[in-house]
Amino acid sequence: MTVRTRFAPSPTGYLHVGGARTALFCWLHARHHGGQFILRIEDTDRERSTPEFEADIIEGLTWLGLAPDEGPIRQSDRLELYARYVARLMEAGRAYHCYCTREELDAMRDAQRAAGEKPRYDGRCRHRTEPRPGVEPVVRFRNPDDGEVVVDDLIRGRMVFANAELDDLVIMRADGAPTYNFSVVVDDLEMAITHVIRGDDHINNTPRQMNIFAALEAPVPAFAHVPMILGPDGQKLSKRHGAVSVTQFREEGFLPDALVNYIARLGWSHGDQEVFSRDELVALFDVADVNRAASVFDNDKLLWLNQHYIQRASAAELAPALAPHLRRLGLDLDGGPALGDVVEVQRDRAKTLVEMADKSVFAFRQPTAFDEKAAGKHLRGDAAPVLRALREAIAGIESWTGDALHEAVEATAGACDVKLGKVAQPLRVALTGEGASPAIEKTLLLVGREQTLRRIDHALDWIAAEVGR
RNA sequence: GUCCCCAUCGUCUAGCCAGGUCAGGACAUCACCCUUUCAAGGUGGCGACGCGGGUUCGAAUCCCGCUGGGGACGCCA
């Protein structure tokens with residue numbers, strides 16, 4: 001039987017890292033077994049579902065390289081299908097109309113809670129034969145009263161639930177829309193899903209769904225419940241933990257491969273290996289190896305992996321990814337150095353593309369001001385003669401190459417009888433406005449001859465004005 | 001409250017199923033090296049089996065209890 005997995009988010013929020021990891025595991029499991037990965041949009045809650053969230057989810061998955069083989073399939077397009085299955089259950093006596101009002105149900109639950117019981121529907125409409133005027137009925141599934149449901153989870157092993165703990169859940173709302181626990185079963189069945197891989201917040205739903213599968217006389221798929229991802233405070237991940245939306249990671253300058261690698265290692269491992277290519281993940285991933293315990297999202301480790309991927313990515317793929325971040329800073333990329341050159345110079349010095357862009361502004365625009373500390377330390381009166389000598393040496397360079405520039409800087413240090421730092425630092429501040437930048441010859445290379453001379457002149461003027469005060 | 005799940009360094013984890021290792025790796029952190037700045041890189045340090053009972057010659061590993069954490073209990077998914 002062909003392995004078929006599905007990722008089934010509800011478009012009531014952005015694609016967050018927890019969902020992305022579930023999607024990744026589904027995708028990996030399907031790929032590993034040569035099967036299909038399907039995207040299903042669970043939008044039966046018309047109140048909260050929005051097209052924007054659906055678009056964000058698809059965009060996030062695409063960016064991560066987890067495009068589905070089938071879908072998106074929307075549950076809102078299949079209402080008729082669910083109605084047919086409800087009719088089947090009604091005929092078989094496995095479902096019934098319930099006319100209870102919300103007020104009645106609330107009162108019932110309050111009473112149960114007060115008595116220290118688990119709140120649940122008591123089945124009061126099970127034997128009702130007459131409709132209740134003025135009340136549109138819902139349909140409830142008639143859950144078995146006795147016996148137990150055994151879930152053989154691929155990750156957790158055997159879990160046993162007593163049917164006595166389960167109640168008759170609503171499977172169709174008064175407006176005819178199915179509820180989650182029902183549409184899931186119908187769709188997993190209709191779509192021939194073989195493996196249901198989802199968050200462990202669904203564990204309690206599983207026995208109910210298995211009972212519905214049984215009532216439909218349908219084969220039950222295999223289940224695998226993956227643990228949750230927690231924020232740094234050990235609480236469920238949410239907006240207040242910073243970047244939770246996948247598209248936001250893109251905006252913050254993360255590479256999709258880095259995020260995928262990080263997320264894969266969160267709750268799953270293969271010995272001591274930390275870095276995995278896409279192909280390795282597909283080859284090595286086994287859902288049975290997924291951990292049972294929840295894990296905490298560690299931004300530092302993601303940052304480390306991102307840097308790792310930046311260091312190894314080709315300039316050809318990094319340059320176009322960097323461009324939007326530079327443009328966001330208002331830079332005109334046409335007048336500056338080739339982005340590939342910028343990437344090569346900066347790849348060891350930035351953990352994100354945003355950081356890389358921030359540190360590369362000098363290559364495209366003369367700094368508007370000198371950093372106070374850097375200027376105070378390096379653009380003093382004694383730097384003037386050195387800068388003048390440097391200007392001369394640089395102006396006379398024939399080929400504008402790293403070697404020639406390096407040589408010129410060293411020669412100047414020798415001629416002025418000062419240490420290299422006494423030459424490189426003033427020059428660095430003159431060129432970038434700051435005390436830190438790539439190796440001086442690489443900085444020169446990116447700035448270019450014309451701009452270099454102009455910026456040295458500007459620094460000399462600045463020193464003269466400063467000394468005169 | 002009831003039901004379900006979980007428990008190794010600060011964090012991600014290996015080891016657990018088939019008991020015997022100085023409990024291994026990675027991130028972070030600290031120190032040193034390299035160095036024209038900042039990085040990157042290299043070397044080293046600190047750092048964990050939640051607690052209590054069993055079983056056993058021997059327990060991170062098997063069993064029980066406790067504690068702690070999480071999830072679920074909707075005409076949300």
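Naming: A, B, ... by sequence-line order, numbering from 1 per chain.
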Under 3.5 Å, which protein N or O atoms sit close to an N or O of nucleotides 9-14 of chain B? Give each pair with its distance.
| residue | atom | partner | partner atom | Å |
| --- | --- | --- | --- | --- |
| B:C12 | OP1 | A:Val296 | N | 2.8 |
| B:C12 | O2' | A:Arg265 | O | 3.0 |
| B:C12 | O2 | A:Lys301 | NZ | 3.3 |
| B:U13 | OP1 | A:Gly267 | N | 2.3 |
| B:U13 | O3' | A:Ser269 | OG | 3.0 |
| B:A14 | OP1 | A:Ser269 | OG | 3.0 |

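Among the protein residues, A:Pro207 comes within range of no part of the nucleic acid, since none of its heavy atoms lies under 4.0 Å from any strand. Across all strands shown, A:His378 has no heavy atoms under 4.0 Å from either base or sugar-phosphate atoms. Heavy atoms of A:Ala439 sit under 4.0 angstrom from at least one base atom. Residue contacts shown for A:Arg48 include a base, since a base heavy atom lies under 4.0 Å away.
Rounded to an integer number of Å, the gap from A:Asp200 CG to B:C4 P is 15 Å. If you measure from atom CZ of A:Arg46 to atom C1' of B:C75, you get 12 Å, rounded to the nearest angstrom. For A:Lys118 and B:G71, the NZ to P distance is 16 Å, given to the nearest whole Å. Here B:C75 presents its P atom at 17 Å from OH of A:Tyr99, a figure rounded to the nearest Å.
Between A:Lys351 and the phosphate of B:A40, there is a side-chain N or O to OP1/OP2 separation shorter than 4.0 Å. The side chain of A:Arg109 places an N or O atom within less than 4.0 Å of a non-bridging phosphate oxygen (OP1 or OP2) of B:C75.
Across the P atoms, B:G50 and B:G45 are found 25 Å apart, a figure rounded to whole Å. The P atoms of B:G47 and B:G10 are separated by 11 Å, rounded to the nearest whole Å. Atom name P, nucleotides B:G24 and B:C66: the rounded distance is 33 Å, in whole Å. Nucleotides B:C4 and B:C46 have their P atoms positioned 44 Å apart, rounded to a whole Å. Rounded to whole Å, the P atom of B:U2 lies 36 Å from the corresponding atom of B:A48. Here the separation of B:A14 from B:U61, taken at their P atoms, is 16 Å to the nearest Å. Separation of the C1' atoms belonging to B:G69 and B:A77 is 24 Å when rounded to the nearest angstrom. A gap of 9 Å separates the P atoms of B:A28 and B:G41, to the nearest Å.
Pair check for B:C17 finds none; no Watson-Crick or G-U wobble contact set falls under 3.5 Å. Pair check for B:A72 finds B:U2; Watson-Crick or G-U wobble, both atom distances under 3.5 Å. Base pairing analysis places B:C51 opposite B:G65; the two distances defining the Watson-Crick or G-U wobble pair are each below 3.5 Å. Shown here, B:U29 forms a base pair with B:G45; the pair counts as Watson-Crick or G-U wobble because both key distances fall under 3.5 Å. B:C9: no Watson-Crick or G-U partner with both key distances under 3.5 Å is found in any strand.
The base of B:U36 sits with one of its N or O atoms less than 3.5 Å from a complementary donor or acceptor on the side chain of A:Arg428.
Residues A:Gln75 and A:Asp43 have side chains that never bring a donor and an acceptor to within less than 3.5 angstrom of each other. Under the 3.5 Å distance criterion, with hydrogens and angles disregarded, no donor-acceptor pair is assigned to the side chains of A:Tyr262 and A:Asp298. Between the side chains of A:Gln425 and A:Arg428, at least one donor N or O lies within less than 3.5 Å of an accepting N or O. No side-chain N or O of A:Thr352 forms a donor-acceptor pair with one of A:Asn306 less than 3.5 Å apart. Of the N and O atoms on the side chains of A:Thr443 and A:Ser437, at least one donor lies less than 3.5 Å from an acceptor on the other residue.
Position along RNA chain B of the nearest nucleotide to A:Leu302 versus A:His406 favours A:Leu302 as the more 5'-ward residue. Comparing A:Ala115 and A:Val170 by the nucleotide of RNA chain B that holds the closest heavy atom to each, the one mapping nearer the 5' end is A:Ala115.
For A:Gln311, the side-chain atoms get nearest to B:G41 when compared with the rest of B:G41, B:U36, B:C3. Residue A:Arg102 has its side chain nearest to B:C75 when only B:C75, B:C73, B:C3 are considered. Of all nucleotides listed (B:U36, B:C5, B:G1), B:U36 comes nearest to the side chain of A:Gln425. The nucleotide whose nearest atom lies closest to any side-chain atom of A:Gln307 is, among B:A40, B:A28, B:A72, B:A40. Of the candidates B:C27, B:A77, B:C75, B:C27 carries the atom nearest the A:Trp304 side chain, counting heavy atoms from C-beta on. Of the listed nucleotides (B:C6, B:C27, B:A40), B:C6 has the atom at the smallest distance from the side chain of A:Arg292. For A:Glu42, the side-chain atoms get nearest to B:A77 when compared with the rest of B:A77, B:A40, B:G71.
Salt bridge A:Glu274/A:Lys301: present, at least one basic N to carboxylate O contact under 4.0 Å.
Listed by chain and residue number, A:Arg6, A:Asp188, A:Ile193, A:Arg198, A:Pro221, A:Phe223 satisfy the side chain to side chain contact (heavy atoms under 4.5 Å, CB included) test with A:Val196 (two or more places apart in sequence, or in another chain).
Centroid-to-centroid, the aromatic rings of A:His202 and A:Tyr180 come within less than 6.0 Å. Here the two rings, on A:Trp268 and A:Phe25, have centers that are 6.0 Å apart or farther.
Geometrically, A:Arg140 engages A:Tyr121 in a cation-pi contact defined by less than 6.0 Å to the ring centre and at most 45° from the axis.
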